[in-house]
2 protein chains.
Amino acid sequence: MFADFEKYIKTQTAVLTDDEISMIARAATVTNVRKKQLLLQAGDVCRYKIFILEGFLRTYGVDADGEEHVMQFSPALTWTTEGESYANCIPSNYNIEAIEDSRLMLWTKDTFTGLMSNIPSLKQYSENLVAQNLHTSRNRLYKAISATAEEKYEDFVKTYPGILLRVPLRMVASYLGVSLKTLSRIRQAQLQR
Amino acid sequence: MFADFEKYIKTQTAVLTDDEISMIARAATVTNVRKKQLLLQAGDVCRYKIFILEGFLRTYGVDADGEEHVMQFSPALTWTTEGESYANCIPSNYNIEAIEDSRLMLWTKDTFTGLMSNIPSLKQYSENLVAQNLHTSRNRLYKAISATAEEKYEDFVKTYPGILLRVPLRMVASYLGVSLKTLSRIRQAQLQR
DNA sequence: GCAAAACAGCGTCAAATGTCCTCTTTCAGG
DNA sequence: CCTGAAAGAGGACATTTGACGCTGTTTTGC
């Protein structure tokens with residue numbers, strides 16, 4: 001049932017034993033969600049750490065004009081949560097939504113904290129994930145303030161070649177911080193070459 | 001000598017005892033740097049965690065056109081480092097420069113790691129800093145992809161009221177990801193009101 | 001199946017932003 | 001006291017981007 005999870009975790013870290021990974025997996029709740037279903041609604045407190053077994057999620061905010069802005073795409077075999085809300089038990093600014101039918105593993109904060117205190121290696125792995133998230137976020141921020149729309153698009157295509165084919169272009173535009181019009185102009189221009 | 005450091009840390013965390021804080025402080029090297037002096041040059045490995053006792057630093061990248069892009073301002077009584085380079089001992093993409101004469105505390109990675117293994121509370125505090133950095137970075141990223149230039153400027157003024165008076169506007173523009181011209185238009189328009 | 005919604009390309013126009021330039025002021029170094 | 005560099009305002013012009021409306025196609029829900 002958790003074979004994918006266990007296999008994936010082993011590729012990510014050498015510090016966890018098979019038994020530990022199995023214990024972590026057994027503590028999770030598995031749920032299936034349908035496309036368009038919300039896993040976290042802005043204003044609510046994020047109660048879970050999520051691991052995606054199958055499917056595809058997105059994290060996005062909605063501004064005062066009702067515009068959506070995609071913060072993150074979360075494909076299968078990745079972790080996600082809304083860290084600020086989860087860590088501090090405060091209302092989230094972001095929504096998490098399934099953009100494909102998905103199968104997820106969920107851990108409540110209590111459960112996950114308990115696991116970490118019993119399994120020091122999990123704590124270490126978890127810290128590594130936070131640190132990596134920070135580096136990813138900073139590098140994306142750097143692109144956001146320094147690159148042209150076209151450079152951001154090319155960077156996206158290079159970094160996440162698979163995503164482009166699975167999500168609507170308007171979400172890609174939103175992720176890049178440009179209008180759909182701009183994105184389609186860029187794509188048009190690249191076709192001409 | 002470290003009175004400011006010790007006092008500040010006590011306001012930040014309750015988990016460290018006076019003795020522990022003092023031990024951390026004594027493990028640091030204090031250096032004075034002059035305005036415009038580089039603490040880290042892109043391409044080098046970042047060897048230190050830095051705490052700023054007095055002065056002001058900035059972290060910035062330089063793109064292929066030679067343009068500078070400010071990732072971060074670091075005023076007195078804050079921590080800074082280039083986390084990706086520091087953690088993985090890889091060449092840094094960013095420079096860290098003093099923009100005022102500054103007095104700094106430095107810890108090498110060996111020293112700091114040693115402190116953390118002797119003082120579990122320091123590890124905890126340090127993890128909190130990483131997590132907070134991540135939230136700050138994500139929130140800034142959200143602004144970068146969702147807000148207009150004027151909203152970003154107003155947000156900056158509200159969030160860091162002190163910085164505006166101490167750094168050249170071109171660095172603020174660079175931090176916001178807009179040209180100096182755009183920033184000066186925004187400021188001009190606001191004066192008219 | 002069928003109607004409605006979502007998606008994405010395109011044209012037009014207006015607004016936002018950038019580049020290049022000049023001019024003035026300030027300030028640090030000799 | 002002089003001088004050159006840095007800072008920043010602002011004009012002129014070009015480019016980029018966005019908003020809006022329209023269209024045809026695909027997908028979705030019933």
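These numbers come from a predicted model, not from an experiment. Each chain gets a letter, A, B and so on, in the order its sequence line appears, and its residues count up from 1.
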**Report entry** is_close_aromatic(B:Tyr175, B:Tyr60), centroid dist under 6.0 Å
**Finding:**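 For B:Tyr175 and B:Tyr60, the ring centres are not under 6.0 Å apart.
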Requested in this report: Go through B:Ile99 and B:Leu57 one step at a time and tell me if the side-chain contact (heavy atoms from CB on, under 4.5 Å) criterion holds.
Outcome: CA-CA 5 Å; B:Ile99 51 184; B:Leu57 310 186; over 6 Å; no
Report summary line: Of C:dT12, C:dG9, C:dT19, the nucleotide closest to the side chain of B:Lys181 is C:dT19
Requested in this report: State which of D:dG18, D:dG11, D:dA7 makes the closest approach to the side chain of B:Pro168.
Outcome: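 For the B:Pro168 side chain, the nearest candidate turns out to be D:dA7.
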Quickly work out the [X] [atom1] to [N] [atom2] distance and round it to whole Å.
X: A:Glu97; N: C:dA6; atom1: CD; atom2: C1'; result: 13 Å
X: A:Leu183; N: C:dC10; atom1: CG; atom2: P; result: 12 Å
X: B:Leu164; N: D:dA7; atom1: CG; atom2: P; result: 15 Å
X: A:Leu176; N: D:dT17; atom1: CG; atom2: C1'; result: 14 Å
X: A:Arg185; N: D:dA19; atom1: CZ; atom2: C1'; result: 10 Å
X: B:Asp65; N: C:dG18; atom1: CG; atom2: P; result: 14 Å
X: A:Leu180; N: D:dG21; atom1: CG; atom2: P; result: 16 Å
X: A:Leu169; N: D:dT27; atom1: CG; atom2: P; result: 13 Å

Reckon [X] has a side-chain N or O less than 4.0 Å from the OP1 or OP2 of [N]?
X: A:Ser184; N: C:dA8; result: no
X: B:Ser179; N: C:dG18; result: yes
X: B:Gln188; N: D:dA9; result: no

Query raised in the report: According to a 4.5 Å side-chain heavy-atom criterion applied to Ile, Leu, Val, Met, Phe, Trp and Tyr, with indirect links allowed, do B:Leu16 and B:Tyr8 form part of one hydrophobic cluster?
Result: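 Shared cluster, yes.
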Query - 5′-ward residue of the pair B:Lys35/B:Ala149 relative to DNA chain C - result: B:Ala149
Query - Donor-acceptor under 3.5 Å (A:Asp155 side chain, A:Glu151 main chain) - result: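 Such a contact is absent between A:Asp155 side chain and A:Glu151 backbone.
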Query raised in the report: Thinking salt bridges, do B:Glu100 and B:Arg58 make one under a 4.0 Å N-O criterion?
Result: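 No, this pair does not count.
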Query raised in the report: Base, sugar-phosphate, or nothing for A:Arg170, non-hydrogen atoms under 4.0 angstrom?
Result: sugar-phosphate
